[in-house]
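This report concerns only the one structure given below.
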Protein chains: 2
Amino acid sequence: MRDRKSERHARTRAEILDAAWETARAEGLAGLTLRDVARRVGMQPPSLYSYFASKDAVYDAMFAQGCREFLEGQARTALTGDALADLKAVARYFIGFCTENPTRYQLLFQRTVPGFEPSAESFAVSEEGLKALRGMLAGIGVTDPEALDLLTALGTGLADQQISNDPGGDRWIRLIDEAMEMYFAHISKRMKAGDAP
Amino acid sequence: MRDRKSERHARTRAEILDAAWETARAEGLAGLTLRDVARRVGMQPPSLYSYFASKDAVYDAMFAQGCREFLEGQARTALTGDALADLKAVARYFIGFCTENPTRYQLLFQRTVPGFEPSAESFAVSEEGLKALRGMLAGIGVTDPEALDLLTALGTGLADQQISNDPGGDRWIRLIDEAMEMYFAHISKRMKAGDAP
DNA sequence: CGCTTCTCCTAACACAGTTAGGATTCTCAT
DNA sequence: ATGAGAATCCTAACTGTGTTAGGAGAAGCG
């Protein structure tokens with residue numbers, strides 16, 4: 001039978017989470033206030049504690065939700081088999097995801113919230129996303145951990161820069177393409193050199 | 001004549017700043033508390049307001065000090081004239097500076113403190129550091145803004161990754177070298193291609 | 001209908017940054 | 001040396017934060 005009680009609970013929880021995202025986008029991640037969230041959903045602040053054990057639990061739920069969104073978008077990114085083109089597509093997706101919602105990026109990848117650390121549960125979701133990303137790259141032929149680190153550094157660096165400079169601009173597309181070409185040339189050369197003796 | 005009054009003021013101010021760095025390193029940047037700083041220097045919290053107008057002013061002073069430290073170290077980085085070697089040296093200095101004191105890096109480059117934005121004055125010091133860095137790179141032959149963005153992204157990405165993975169390790173030296181070789185090959189190719197028609 | 005459980009409330013606490021206002025002490029020209 | 005003036009440092013108190021305690025009322029289910 002339908003469990004009306006827990007359905008209602010989940011619905012309210014989602015409502016609170018939405019309100020939390022609203023405040024976070026408006027006031028910044030650190031500017032998020034339980035009192036503000038409560039006002040938005042028409043409750044008194046302590047009432048939120050029926051749905052989240054603490055403010056950190058709210059951040060944690062936002063984190064997990066962000067990871068899930070990342071995964072969904074990732075699954076929609078079509079690959080062609082052309083390594084360089086796919087590399088560009090993955091990078092574009094990643095940086096597009098980051099710039100689309102800087103608050104979310106900040107929470108997921110910059111870990112900029114004062115004392116917050118994702119719970120084991122949420123972290124697992126995050127790991128799943130990374131695994132999928134790594135799978136994509138392996139499909140392209142990038143498996144060397146050092147090369148992967150290089151690529152990761154390039155990706156997060158570009159995203160950071162993009163967000164702090166002109167989020168929403170499109171100069172970054174050129175920059176990403178250039179970066180990926182640079183990276184592709186590098187690993188191609190290395191693979192030709194035959195690093196596995 | 002010696003102005004004993006302002007000397008004493010400056011001395012106490014420096015003392016407070018040191019205490020602030022101590023707490024920041026121990027508790028994290030966001031965990032810095034005026035009450036904690038006051039306890040460390042043997043004062044009551046409100047007394048700090050004779051030296052700093054607000055908590056943000058403390059962050060601001062820390063920011064400016066960090067920038068000055070960056071400049072000093074930068075001036076000590078000797079260049080040889082060999083472009084690739086110099087590129088590596090600059091990158092190593094940058095990332096060494098970042099990993100040496102992650103708290104300082106966080107304040108200077110990640111801007112992770114809740115509502116803090118550096119004042120115009122402190123920001124000027126920061127700009128001076130960037131100008132010097134840009135000068136170094138120009139000396140090596142890197143002036144193309146897009147190439148510079150690419151390099152910046154690579155540098156901050158590597159620093160971020162290094163700090164969150166194994167600060168103090170030395171694997172990053174290899175990674176930096178590899179990154180700089182990759183970057184150098186890229187701009188060399190581009191310059192040969194003759195991007196200036 | 002009656003029992004249980006959940007929801008949401010008010011009151012209050014601890015701990016931030018910060019302000020007000022007043023002793024005390026230091027500095028320096030007279 | 002001494003008194004005016006300024007700087008230092010204090011206590012008390014305010015606002016806004018997250019959070020806890022405890023209870024009134026509604027919702028759901030037999």
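Below, chain A is the first sequence line, B the second, and so on; all start at residue 1. Computed from a prediction, not measured in an experiment: that's the story for all the values here.
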Does anything in residues 22-30 of chain B come within less than 4.0 Å of DNA chain D? Heavy atoms only, and list the residues if so. none
Do B:Y93 and B:F70 make the cut of ring centroids closer than 6.0 angstrom? yes
How are the rings of A:F94 and A:F109 set relative to one another: parallel (under 30°), tilted (30 to 60°) or perpendicular (over 60°)? perpendicular
Sugar-phosphate, base or nothing in reach of B:Y51, heavy atoms under 4.0 Å: sugar-phosphate
Which nucleotide in the set D:dC10, C:dC9, D:dT8 lies at the smallest distance from any side-chain heavy atom of A:M43? C:dC9
Identify, with sequence neighbours excluded, every residue that meets side-chain contact (heavy atoms from CB on, under 4.5 Å) alongside B:E15. none
Taking only residues two or more places apart in sequence or in another chain, which ones pass ring pair (Phe, Tyr, Trp, His ring centres under 6.0 Å) with B:Y51? B:H9
Nearest atoms (heavy-atom pairs only) where A:A64 meets A:V125: O-CG1, 4.1 Å
d(CG, A:L48; C1', C:dC9) in whole Å: 12 Å
Who are the ring pair (Phe, Tyr, Trp, His ring centres under 6.0 Å) partners of B:Y183, not counting sequence neighbours? none
Interatomic distance, B:E7 CD vs D:dA7 C1' [rounded to whole Å]: 15 Å
Under 4.0 Å between a side-chain N/O of A:S47 and OP1 or OP2 of C:dT7, yes or no? no
Stacked cation flag A:R104 on A:F97, 6.0 angstrom / 45 deg: yes
Listing time: all N or O pairs from protein to nucleotides 17-21 of chain D that are below 3.5 Å?
unit_1: D:dG18; atom_1: OP1; unit_2: A:L34; atom_2: N; d: 3.1
unit_1: D:dG18; atom_1: OP1; unit_2: A:K55; atom_2: NZ; d: 3.3
unit_1: D:dG18; atom_1: OP2; unit_2: A:L34; atom_2: N; d: 3.2
unit_1: D:dG18; atom_1: N7; unit_2: A:R35; atom_2: NH1; d: 2.7
unit_1: D:dT19; atom_1: OP2; unit_2: A:Y49; atom_2: OH; d: 2.7
unit_1: D:dT19; atom_1: OP2; unit_2: A:K55; atom_2: N; d: 2.7
unit_1: D:dT19; atom_1: O5'; unit_2: A:Y49; atom_2: OH; d: 2.9

Would one find a side-chain N or O of B:S50 under 4.0 angstrom from OP1 or OP2 of D:dC9? no
Using OP1 and OP2 only, check whether a side-chain N or O of A:H9 sits under 4.0 Å from C:dT7. yes
Just to verify, what does B:F184 make a ring pair (Phe, Tyr, Trp, His ring centres under 6.0 Å) with, not counting sequence neighbours? none
What integer distance in Å separates B:I16:CD1 from D:dC9:C1'? 11 Å
